[in-house]
Chemist: 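My structure is below; once you've seen it, I'll send some questions.
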Amino acid sequence: MADSGGLHRWDLSPSEAIALQKELAGRVVIRPLKRLPAMAAGCDAAFDTLKKRAFAAATVYRAKGLELVDRAAAAAELTFPYVPGLLSFREAPALIEAIGRLAVRPRCLIVDGHGLAHPRRFGIACHLGLLLNLPTVGLAKSVLVGKYEQPAEERGAWTPLVDRGEIVGAALRVRSGVKPVFVSVGHLVDLESAIAIVLRFSSGRYRLPEPVRAADQLSRQLARSGDVNATTQVTTVVRTRGRAVKPPSHRRPPVVRGETADRSRANDR
DNA sequence: GCGACAG
DNA sequence: ATCTTGTCGC
């Protein structure tokens, strides 16, 4: 139905959630990725003005050509408050639902939020990666824990994000001359692989990698239009699919149902 | 006790 | 995260 693994419940109190994180943190696997994934899914969530409902989106991109391959979304009632360090207990259920609705099973996730760069080394990227058993990268726009030196201005430059004597992530310049983003290990990757993945799925035209940028836009769009299908608890909102694996001789750009996919330009942030 | 604090 | 248009600069 919703959970992918049923590893634990979600209706926990903040203190119980913290205890669970300490327990699950030991299961995170850090290792280099043998080969960069051909496709990766960006994951992000937005909220309605009443902040009573979350809209999660998952967008799959192909590394080659940075083309959108598939995307899905889900809406859910918010049951957990926003508490720094406990983000996954607020957003993960909806994100898991959205990811589960993808027609194309992603082999890698880039999650909006931190991974190991977390007080208990178990940010939302670690949580999702562990539950879905997928290589996962954490990508945040600001720091939760740790300090860092400003990296060089060129795309690809990075400096370590250090917390309590440990390198928990990196301040990575995805676009030259633009504020860096913070990359950290989620699960089944190491920091170098995580950085390589973020650079591979970004063109350098925007601060965020394409998958996350698209998921951010989709979730935000759905939150504003307070989309229909969002009536009950974990409910479907939209679903759009494109080409799956091994596309025919004639490539066809993904078609978005109900709305035209503007791929021209935009202003991030 | 005083700040810091993903989204 | 969210309330929100134009504007300055590469």
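Chain naming here is simple, since letters A, B, ... match the order of the sequence lines and numbering starts at 1 in each. These numbers were taken from a predicted model, which means no experiment stands behind them.
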Chemist: With rounding to the nearest 0.5 Å, note down the distance linking OG1 in T59(A) to CD1 in I99(A).
Modeler: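 The OG1 atom of T59(A) sits 10.0 Å away from the CD1 atom of I99(A).
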Chemist: Would you mind telling me which of dG7(B), dC5(B), dT2(C) lies closest to the side-chain atoms of P84(A)?
Modeler: dC5(B)
Chemist: Of the nucleotides dA6(B), dT2(C), dG7(B), which has the atom closest to the E91(A) side chain?
Modeler: dG7(B)
Chemist: At under 4.0 Å between heavy atoms, what does V143(A) touch on the DNA or RNA strands: base, sugar-phosphate, or nothing?
Modeler: sugar-phosphate
Chemist: Classify the nucleic acid contact of L86(A) as base, sugar-phosphate or nothing, counting any heavy atom under 4.0 Å across all strands shown.
Modeler: base
Chemist: Can you tell me how far P of dG7(B) sits from CG of L144(A), to the nearest Å?
Modeler: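 Taking atom P of dG7(B) as the reference, CG of L144(A) is at 9 Å.
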Chemist: Return the value, rounded to whole Å, for the distance between atom OH of Y82(A) and atom C1' of dA4(B).
Modeler: 11 Å
Chemist: For F182(A) and dA6(B), are the ring centres under 5.5 Å apart with planes inclined under 30°?
Modeler: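 Taking the rule of under 5.5 Å and under 30°, the ring of F182(A) does not stack on dA6(B).
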Chemist: Atom CG in L95(A), atom CD1 in I124(A): separation rounded to 0.5 Å?
Modeler: 5.0 Å
Chemist: May I have the distance from L95(A) (atom CG) to dA1(C) (atom C1'), rounded to whole angstrom?
Modeler: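 These atoms are roughly 13 Å apart.
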Chemist: Touch check for A46(A), heavy atoms < 4.0 angstrom, all strands: base, sugar-phosphate only, or nothing?
Modeler: sugar-phosphate
Chemist: Taking only side-chain nitrogens and oxygens of S142(A), does any of them come within less than 4.0 Å of OP1 or OP2 of dC5(B)?
Modeler: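 It does not, given that no N or O in the side chain of S142(A) lies less than 4.0 Å from OP1 or OP2 of dC5(B).
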Chemist: Starting from C1' on dA1(C), measure out to CD on Q221(A) and report it in whole angstrom.
Modeler: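 Roughly 17 Å, once rounded to whole Å.
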Chemist: Tell me: CZ of R53(A) to C1' of dT2(C), nearest whole Å?
Modeler: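 Roughly 17 Å, once rounded to whole Å.
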Chemist: Mark yes when over 12 heavy atoms from residues, nucleotides or ligands other than I18(A) sit less than 6.0 Å from its CD1; otherwise mark no.
Modeler: yes
Chemist: Whole angstroms only, please: what is the NE2-C1' distance between H127(A) and dA6(B)?
Modeler: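 Going from H127(A) (NE2) to dA6(B) (C1'), I get 15 Å.
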Chemist: Can you tell me how the ring of F89(A) sits relative to the ring of H127(A), calling it parallel under 30°, perpendicular over 60° and tilted otherwise?
Modeler: perpendicular
Chemist: Are OP1 or OP2 of dG7(B) and a side-chain N or O of K141(A) less than 4.0 angstrom apart?
Modeler: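 K141(A) to dG7(B) OP1/OP2: side-chain N or O found under 4.0 Å.
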Chemist: In whole angstrom, what separates R164(A)'s CZ from dA4(B)'s P?
Modeler: 19 Å
Chemist: Under 6.0 Å from the six-membered ring centre of F80(A) and within 45° of its axis: does the NZ or CZ of R90(A) meet both?
Modeler: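 Judged by the rule, R90(A) and F80(A) form no cation-pi pair.
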Chemist: Determine the contact category for G138(A): base if any of its heavy atoms lies under 4.0 Å from a base atom, sugar-phosphate if only primed atoms, P, OP1 or OP2 are that close, otherwise nothing.
Modeler: nothing
Chemist: Can you measure D48(A) atom CG to dA1(C) atom P for me and round it to whole angstrom units?
Modeler: 15 Å
Chemist: When you check the phosphate oxygens OP1 and OP2 of dG7(B), does a side-chain N or O of R90(A) lie under 4.0 Å from one of them?
Modeler: no
